[in-house]
Amino acid sequence: DLNHYDALYLETTSSIVALEFLKRISVQEVENKYKAEFFEDLISFDEKRKLKAIDRANYYRFDKDAFFSIFTIRLSKTEAMNNLSDEEYNQVITKAMYMVDMVCKEEGRVYIIASKGKKINVLFMWKSIEDHRKFATRISNSIKESLDQKVANSQYRVGIGRVYKGIDQVYKSLKDAEKAVEAAKTYVNQQIIDFDTLGIYKIFCQDHLKDELLNFYKSTLEPLVLYDRKRDTELVKSLTIYFETNGNLKRMSEMLFTHYNTVLYRINRIQEITGKDLENEGDRYGLQTALKIMKILDL
């Protein structure tokens, strides 16, 4: 049993322990600040800032001529978090950052972690592209497992950017990782998205193509979308299922719960409105591409 003097001793000691934790937290906050500044300088388009970061790369054990990639973890509020204050939600992000940091330490990789808003960015150095392929999936799965277990009610996506040679190229990997996370909103229902696995969507994600993609959509699919909106029909949905069933009209009628002749009528109307022939390979591919663009641009 604890006597009165034991209680006094513990009460005094707890203050010393608390001060020690505060000191550690303060040191960690300063380190995180410097890491965040280094990361921001490294991805900056300002040459002076970037060169300044490259000069400091050795401090973080980075070989500027090695291979690099970035993981972006984007957190978002769940319904269970709606009542949290901004301070409480920031604590959730801090905890998530700590868990990600622990996973990276256990993997023994050379890395730096920096947070910005609701995003946590992790810059990894690799010996080669093969080294990245070998360990990236394992690390991302470990991050997922840790966040699922330790950060209650967390909702997040992990985007993995491509590997680039040279530390001055890491901004490209960050763009890839962010596009991978964006892809999860529209057409990839996964928590971990590797930009390299996006296939043709990698092309559609390019910012400088957005105007061209929009123009292509307007010249192919938009008339059908406007027709549906005006007449309250489901021709766009029918066209989507047409491609999902590889043009099997019988299977389409089953999925749409409509008569075969109704499906045939809809296909004819789609061709009339769009001016495209679904028997023509080029027209068929154009309409299928326009459907993907509609989804990507959230039109």
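Computed from a predicted structure; not experimentally measured. Start at 1 with the first residue, then count along the sequence.
With a 4.5 Å cut-off on side-chain heavy atoms, D283 and L278 do not count as touching. Side-chain contact between I267 and L239: absent, with no pair of heavy atoms (C-beta onward) separated by less than 4.5 Å. A heavy-atom distance below 4.5 Å is not found between the side chains of M125 and Y111. A heavy-atom distance below 4.5 Å is found between the side chains of R56 and K52. Looking at Y156 and I120, their side chains never come closer than 4.5 Å, going by heavy atoms from C-beta outward. Looking at Q155 and L75, their side chains never come closer than 4.5 Å, going by heavy atoms from C-beta outward. Between K150 and M102, the closest side-chain pair of non-hydrogen atoms is not below 4.5 Å. The shortest distance between side-chain heavy atoms of T13 and V17 falls below 4.5 Å.
Atom NZ of residue K165 and atom CH2 of residue W126 lie 16.0 Å apart, to the nearest 0.5 angstrom. Summarising the geometry, atom CZ belonging to R24 is positioned 11.0 Å from atom CD belonging to Q28; distances are rounded to the nearest 0.5 Å. Rounding to the nearest 0.5 angstrom, the gap separating the OG1 atom in T274 from the CD atom in E222 is 13.0 Å. Considering CD of Q191 and CD1 of I143, their distance stands at 12.0 Å, rounded to 0.5 Å. We find the CD-OG1 distance between E234 and T240 to be 10.5 Å, quoted to the nearest 0.5 Å. A distance of 10.5 Å separates CD1 of I25 from CD of E20, quoted to the nearest 0.5 Å.
For R109 and F135, the positive end sits near the middle of the six-membered ring, less than 6.0 Å away and at most 45° from its axis.
Sparse packing is recorded around CD of E281, with 12 or fewer heavy atoms of other residues, nucleotides or ligands lying under 6.0 Å away. Within a 6.0 Å radius of NZ in K116, other residues, nucleotides and ligands contribute 12 heavy atoms or fewer. E88 CD: more than 12 foreign heavy atoms inside a 6.0 Å radius. The 12-atom threshold is exceeded at CD of E31, counting heavy atoms of other residues, nucleotides or ligands nearer than 6.0 Å.
The residues R284 and E279 are annotated as not salt-bridged, no charged nitrogen and carboxylate oxygen being separated by less than 4.0 angstrom. No salt bridge links K237 with D228; every basic N to acidic carboxylate O contact stays at or beyond 4.0 Å. One finds no salt bridge joining K175 and E178 here, because no Lys/Arg side-chain nitrogen approaches an Asp/Glu carboxylate oxygen to under 4.0 Å. A salt bridge links E182 with R74: the distance from a Lys NZ or Arg NE/NH1/NH2 to an Asp or Glu carboxylate oxygen falls below 4.0 Å. Under a 4.0 Å N-O distance rule, the pair K134/E130 does not qualify as a salt bridge.
Counting all heavy atoms, side chain and backbone alike, V122 lies closest to C104 at CG1-SG, 3.9 Å. Heavy-atom minimum distance, S140 versus I192: O-CD1, 3.5 Å. Of all non-hydrogen atoms in I160 and A180, the two that sit nearest each other are N-CB, 4.3 Å. The shortest heavy-atom contact between K35 and A114 is O-CB, 4.3 Å. The minimum heavy-atom distance between I167 and A57, with the atom names listed, is CD1-CB, 3.9 Å. When all heavy atoms are compared, the tightest approach of A53 to L42 is CB-N, 3.7 Å.
One side chain, R266 or S238, offers a donor N or O that lies under 3.5 Å from an acceptor on the other. No hydrogens or angles considered: nothing links the side chains of N141 and E145 as a donor-acceptor pair under 3.5 Å.
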Begin from the C-alpha positions of Y285 and N280 and carry the test side-chain hydrogen bond (donor to acceptor under 3.5 Å, both in side chains) through to its verdict.
-> CA-CA 9 Å; Y285 181 72; N280 179 280; over 6 Å; no

Could you check K144 against V158 for side chain to side chain contact (heavy atoms under 4.5 Å, CB included), going step by step and ending with a plain yes or no?
-> CA-CA 8 Å; K144 179 182 183 303; V158 181; 5.7 Å; no

Where do T289 and L213 land on the side chain to side chain contact (heavy atoms under 4.5 Å, CB included) test, with the steps shown first?
-> CA-CA 9 Å; T289 302; L213 294 176; 6.0 Å; no

Stepwise side chain to side chain contact (heavy atoms under 4.5 Å, CB included) check, L291 with V236 = CA-CA 8 Å; L291 284 170; V236 173; 4.0 Å; yes

Applying side chain to side chain contact (heavy atoms under 4.5 Å, CB included), run through N58 and D63 and close with a yes or a no.
-> CA-CA 7 Å; N58 288 337; D63 176 357; over 6 Å; no

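With hydrogens and angles ignored, the 3.5 Å screen pairs a side-chain donor or acceptor of D131 with a backbone N or O of K127. Between the side chain of Q149 and the main chain of S146, no donor-acceptor pair closer than 3.5 Å is present. A distance-only check finds a donor-acceptor pair linking the side chain of S173 to the backbone of I70 [under 3.5 Å]. Not a single donor-acceptor pair under 3.5 Å links the side chain of K276 to the backbone N or O of T220. Using a distance-only test at 3.5 Å, with no hydrogens or angles considered, a donor-acceptor pair links the side chain of T94 to the main chain of N90.
If you chain together hydrophobic residues whose side chains sit under 4.5 Å apart, Y164 and F39 never meet in one group. In this structure, M97 is a member of the same hydrophobic cluster as I139, with clusters built from ILVMFWY side-chain heavy atoms closer than 4.5 Å. Side-chain heavy atoms closer than 4.5 Å link hydrophobic residues (I, L, V, M, F, W, Y) into clusters, and following such links, possibly through other members, connects I112 to I43. One hydrophobic cluster holds both Y89 and I73 under the rule that ILVMFWY side chains link at heavy-atom gaps under 4.5 Å. Put simply, I113 and V30 are part of two different groups of oily side chains (I, L, V, M, F, W, Y) that touch within less than 4.5 Å, one to the next.
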Below 3.5 Å, can you tabulate the donor-acceptor pairs from side chains in residues 244-257 to any protein atom, sequence neighbours excluded?
residue, atom, partner, partner atom, Å
T245, OG1, I241, O, 2.8
T245, OG1, Y242, O, 3.2
N248, OD1, K250, N, 3.2
N248, OD1, R251, N, 3.0
R251, NH1, E254, OE1, 3.3
S253, OG, K250, O, 2.6

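For residues 45-75, the ring-ring contact (aromatic ring centres under 6.0 Å, His included) pairs, not counting sequence neighbours, are F38-Y60, F45-Y171, F62-F68, F71-F124.
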